[in-house]
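Inspection log for the structure reproduced underneath, given as structure tokens.
Note that the coordinates shown come from a computational prediction; the quantities given were computed from them, not determined experimentally.
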Amino acid sequence: MKDGFIKVAAASPKLQVADCAFNGEQIKKDIQKAAKSGVKVLVFPELCISGYTCGDLFLQDTLLEGCVDTLERLLEETKEMDMIYIVGMPLVQGNKLYNTAIFCKNGKLLAIVPKTNIPNYQEFYEARYFAAGPEEAFPICVAGQEVLFGTKILLKCSNIPELVLAAEICEDLWVPDSPSLYHALAGATIICNPSASDEIATKPVYRRNLVAMQSAKLVAGYIYADAGRDESTQDLVYSGHGVIAENGSVLAESVLFEHDITMSEIDVKRLLEERRKMTTYKNETTGYQTVFFEWNMENTKLTRKILRTPFVPSDEAEKKQRCEEILTLQAMGLRKRLAHTRCRSAVIGLSGGLDSTLALLVTVRAYDLLGMDHKDIITVTMPGFGTTDRTYQNALELARSLGTTLKEISIVDAVRQHFKDIGQDEQVHDITYENGQARERTQILMDLANKCNGMVIGTGDMSEMALGWATYNGDHMSMYAVNVSIPKTLVRYLVNSYEQQADSKTAAVLRDILNTPVSPELLPPENGEISQKTEDIVGPYELHDFFLYYLLRFGFSPRKIFRLAQEAFQEDYGSKTILKWMQVFYRRFFSQQFKRSCVPDGPKVGTVALSPRGDLRMPSDACVNLWMKEIEMMDDRF
């Protein structure tokens, strides 16, 4: 449970309709199996002790008493289990019969939640037996124990305060005014749903989407456990559809018509951090009562997939769609700015690298949207001391293949004159040597844009801005920065997506650009090859983008990000290596905020962005000590 990860599960046990003793044994087996896997919250289907399809047998005392007897045996036989499990059974209270979800732990009843919405349409006729449960909870006696009974009950872990459980049952999810809505506003972070949803064609997809959307709407975890194939098939068939979702993402899903336990880990800290950011997420605890419980703290082994590239979808079809969507967002942003300013031209410094290539492709698309001639796009290649023939030729070929107006302006003489003016030795390859070239290129672009009534299109990406890997008032500056919220790991996929749709000549150039090492080319080449590789200096961009995503998207601590990075990159980087580059990331991220405080306008395309006008209001002189101390404490262990 450390770092907020709670291992949860939805079970679909074997069942015999109306055979409570048999069903209890199968439930116990699944509890034992789940416990061996470290599950802490286990949800069983609706009315699983009796079976959902008992019909008028629900009105028989023998069945109702059999359910209570089975519950008592389950409590006794699982009293050593440090797990909360939720079982369903019919329960008599006063003059009514209720369809209930019962929370059990260590042989004790924690709470009993009755179903709120009783369906009585089409194939459902529950109102023949069951009454709608009361909202306000009150104590009742069941199986020799006093326990709260009602829908407005929260179960809170006293040693993991972010973990708050609540329940709704089957139909409660499908109605417009779901109880889970109020549970979440009252503080519930995981909703448990024992269910019995019959199977018909196309329903699994609808059900899956419904669970995912409810978890997104509530910013919650959701465990949905459906009745299985052993229910009566007199008129209906049940599939045992288990779904575990977290804030809109399905973490795990069962195979239909199989007896199985569907497991994953819900990150309750992440959910609460997300809610804190939402100023519209209300607190409403009126009428709720809280039951407290405690777990032995342990390190949950993660089975949920941790993507190496959180900015890039893993599914190929989704990735293709996402790339097209982002390219359109970038182009639409530039289209509006070009139309508003009535610029006749767009000026781009084309290096033959990935970032400037993407900026040009986006500009071409914006021009197409405006019906403007590509000849009004002025591409400028500015060879200097570090330019290699490969990138130089790729820049020329790409500019020509896209029909732009190409200009070649060497910066060598101008930079040498500048070095002479400031007394810089050309043989000293320090930061002045590098930045002098970057600023000269920017001056050329800016003045050229003035001359031709144009706009300088920024090429730098979000990863560079996060690390401050840009020359202040050099490549750091432009008139509209189309790549400003594109992380380096995504740039490659966007260019690749464009390449797959391009004509053969353009595609060939793009493929070579994709295979070129990332470099600012500010140091002289060695044997004609790039000598200055960015990732050798600042570290792997896939690690930095990973750190950036979890730092800004969820506000995770270095310790938690490190744990996730170990899971994602264990095949490629050792713990010491990850920590080394994490230290570099945090130092640079904090020290380089002054560059981000004055970045040009540019379109936001994802949930993480660095604009000081929108997403990141951070003081330029904030101290990194707290974060570095946490990293150093981890580093001491390796």
Worksheet item: Is the number of heavy atoms from other residues, nucleotides or ligands under 6.0 Å of Lys305 NZ greater than 12?
Response: no

Worksheet item: Is the Phe569-Phe546 ring centre distance short of 6.0 angstrom?
Response: yes

Worksheet, complete the sentence: Taking every heavy atom of Glu77 against every heavy atom of Lys28, the minimum-distance pair comes out as OE1-CD, 3.0 Å

Discussion item. If we check salt bridge (Lys or Arg N to Asp or Glu O under 4.0 Å) with Asp267, which of these qualifies: Arg304, Lys560, Arg563?
Written reply: Lys560

Item to complete: Return yes when atom CD of Glu136 has more than 12 non-hydrogen atoms of other residues, nucleotides or ligands closer than 6.0 Å, and no otherwise.
Response: no

Fill in: Lys604 vs Ser611, side chain to side chain donor-acceptor pair (under 3.5 Å): CA-CA, chis, key distance, verdict
CA-CA 8 Å; Lys604 177 179 177 178; Ser611 169; over 6 Å; no

Worksheet, complete the sentence: In terms of heavy-atom contacts, Asn247 and Glu274 come closest through ND2-CG, 4.0 Å

Discussion item. Can you confirm whether more than 12 heavy atoms, excluding those of Tyr281, are under 6.0 Å from its OH atom?
Written reply: yes

Worksheet, complete the sentence: d(Leu490 CG, Ser485 OG) to nearest 0.5 Å is 9.0 Å

Worksheet item: So, Phe58 versus Phe130, ring centres under 6.0 angstrom or not?
Response: yes

Worksheet item: Is the gap between the ring centers of Phe589 and Trp627 under 6.0 Å?
Response: no

Worksheet entry | Heavy-atom neighbours of Glu135 CD exceed 12 at 6.0 Å | no

Discussion item. With no hydrogens and no angle check, just 3.5 Å: does a side-chain donor-acceptor pair link Tyr222 and Glu168?
Written reply: yes

